[in-house]
2 protein chains.
Amino acid sequence: MPRAGLSHDAVVRLALEVVDEGGVRGYADLTLAKVAAKAGVAAPSLYKHVGSLADLRREVALIAVREVTAAATSATVGRAGPDALHALGSAWRSYAHAHPGRYAATQIGPDPDDPADAEPRAAAAESVRVVGAVLQGFGLPDDRLIDAIRAVRAGVHGFVTLELGGGFRMREDVDQSFGVLLDMLVAGVTTLATPSAPLDHDTAGSLR
Amino acid sequence: MPRAGLSHDAVVRLALEVVDEGGVRGYADLTLAKVAAKAGVAAPSLYKHVGSLADLRREVALIAVREVTAAATSATVGRAGPDALHALGSAWRSYAHAHPGRYAATQIGPDPDDPADAEPRAAAAESVRVVGAVLQGFGLPDDRLIDAIRAVRAGVHGFVTLELGGGFRMREDVDQSFGVLLDMLVAGVTTLATPSAPLDHDTAGSLR
DNA sequence: CGCGTTGGCTAATGGGCGTAGCTTTATGGC
DNA sequence: GCCATAAAGCTACGCCCATTAGCCAACGCG
């Protein structure tokens, strides 16, 4: 009985293939059985290389988060201000287009209490830091930076998830809409940075 | 052997309970076995009232979408402009807070081709129409309305999903951040509506 | 060469969905 | 009041998946 020559990394690699081949649902539909089939191996054999399906998912998600972060980082080196923000958003969206299954893996928030989720947690924090670094260039007051980061993340992530989920009909205009969103975010962040602060949010009354 | 007195609606109601009790993961973890247990009935008995788990999920999602739409609608009656947009966003987010599991159900995009998804499709379109109606009040040019709708949906939906997924640490400031986001959206849409259109998006070069 | 480690395997358990077919309950017409 | 029939349960089963246990063969180092 010949050996398949698997390894931890090989299994993860195959899992990534399964995820990639499954489109948007690739991550949700990731299954040990599929990985085993792709490896030409019985399903239980995978346990020699991987702790559980949950572990494998965690690892795939970790890779995905790091890849988005890397894409965002490398897209923004040498850029600043609106230029950098546009590059960040476009890189983020491009990654999601190129790897919809992996991007979906990104959406599973790590458990703040589970020690096994420490790495994913750190990776997520790192990806947020990239957004923060780009927004630093706008000269925001310290107490507004977090609001700006959240707005940008919400806008870009929300757009991408809606788009991948088929939430936008009339497909043609989506690029334009994303450009408009980025422009709105740039304008919003810029306004937030101006000392006169027209966007100063009246906390009372606007919520609940 | 006494009868449980189930019905289609009763099963759906129990499914909603299961979803509600499961928190954010309630919808993902919805299972016929759990519904059956809650009904005090063997799992196969449910098939007398429901076609399949997929059908039940579809129905739960449909209800959730309609509820968000209703919340958004009733929050915006009698309001216009920035006021209406704030009310819309806050109602949307409040619904997600009150029913995280149901809101998660909302995120599964209906299959554009599946005839069984016709109702969910229509319900989703209706919810988009509410956003559109609110944005009409800003006097946008026709060809910009769709961009504005998408930006608002992306911002609000993205914020809520990130929040529910535990994407925001430092919980205290989240309300403030959401207020800032809404202000940014208001400002962005307003600018988009002004004839001089400083936000006119330069299509070339900003994407990819 | 030998032997331990390692990477496969099969078998089996448990849980979930879904189908088939049986039985009992409720109901409504006579 | 009786009985036929439809509706609402049930058990038994098949299939798919994850996971555990325990076995055996291959590889690699001495």
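In what follows, chains are A, B, ... by sequence order, proteins preceding strands, each numbered from 1.
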- For A/E59, which residues count as a side-chain hydrogen bond (donor to acceptor under 3.5 Å, both in side chains) partner, sequence neighbours excluded? A/H8
- Test ring pair (Phe, Tyr, Trp, His ring centres under 6.0 Å) applied to A/Y95 - qualifying residues, sequence neighbours left out: A/H99
- Query: Would a 4.5 Å heavy-atom cut-off, applied to side chains only, mark A/V156 and A/V131 as touching?
  - Reply: no
- Task: Check salt bridge (Lys or Arg N to Asp or Glu O under 4.0 Å) between B/R102 and all other residues, then give those that pass, not counting sequence neighbours.
- Result: B/D20, B/E67
- Of all of residues 41-54 of chain B, which get a heavy atom below 4.0 angstrom from DNA chain D, listed by number? B/V41, B/A42, B/P44, B/S45, B/K48, B/H49
- For DNA chain D, determine which residues of residues 12-37 of chain A have any heavy atom closer than 4.0 angstrom to one of its atoms, and list them numerically. A/T31, A/L32, A/A33
- Item | Residues that B/R79 engages under side-chain hydrogen bond (donor to acceptor under 3.5 Å, both in side chains), provided they are two or more places apart | B/D83
- Tell me, please, which residues at least two apart from B/R66 pass side-chain hydrogen bond (donor to acceptor under 3.5 Å, both in side chains). none
- State which residues pass salt bridge (Lys or Arg N to Asp or Glu O under 4.0 Å) with B/D114; sequence neighbours excluded, sorted by chain then number. none
- Scoring nucleotides 24-29 of chain D by protein non-hydrogen atoms under 4.0 Å (B base, S sugar-phosphate only, - none) yields -BB---
- Taking salt bridge (Lys or Arg N to Asp or Glu O under 4.0 Å) as the test, write out the residues that go with B/K38, two or more places apart. B/E17, B/E21
Can you give the donor-acceptor pairs under 3.5 Å from side chains of residues 25-34 of chain A to other protein atoms, not counting sequence neighbours?
from, atom 1, to, atom 2, distance (Å)
A/Y27, OH, A/R57, O, 3.1
A/K34, NZ, A/D29, O, 2.9

- Query: Which pairs with one or both residues in residues 148-167 of chain A pass ring-ring contact (aromatic ring centres under 6.0 Å, His included), sequence neighbours excluded?
  - Reply: A/Y103-A/H157, A/F159-A/F168, A/F159-A/F178
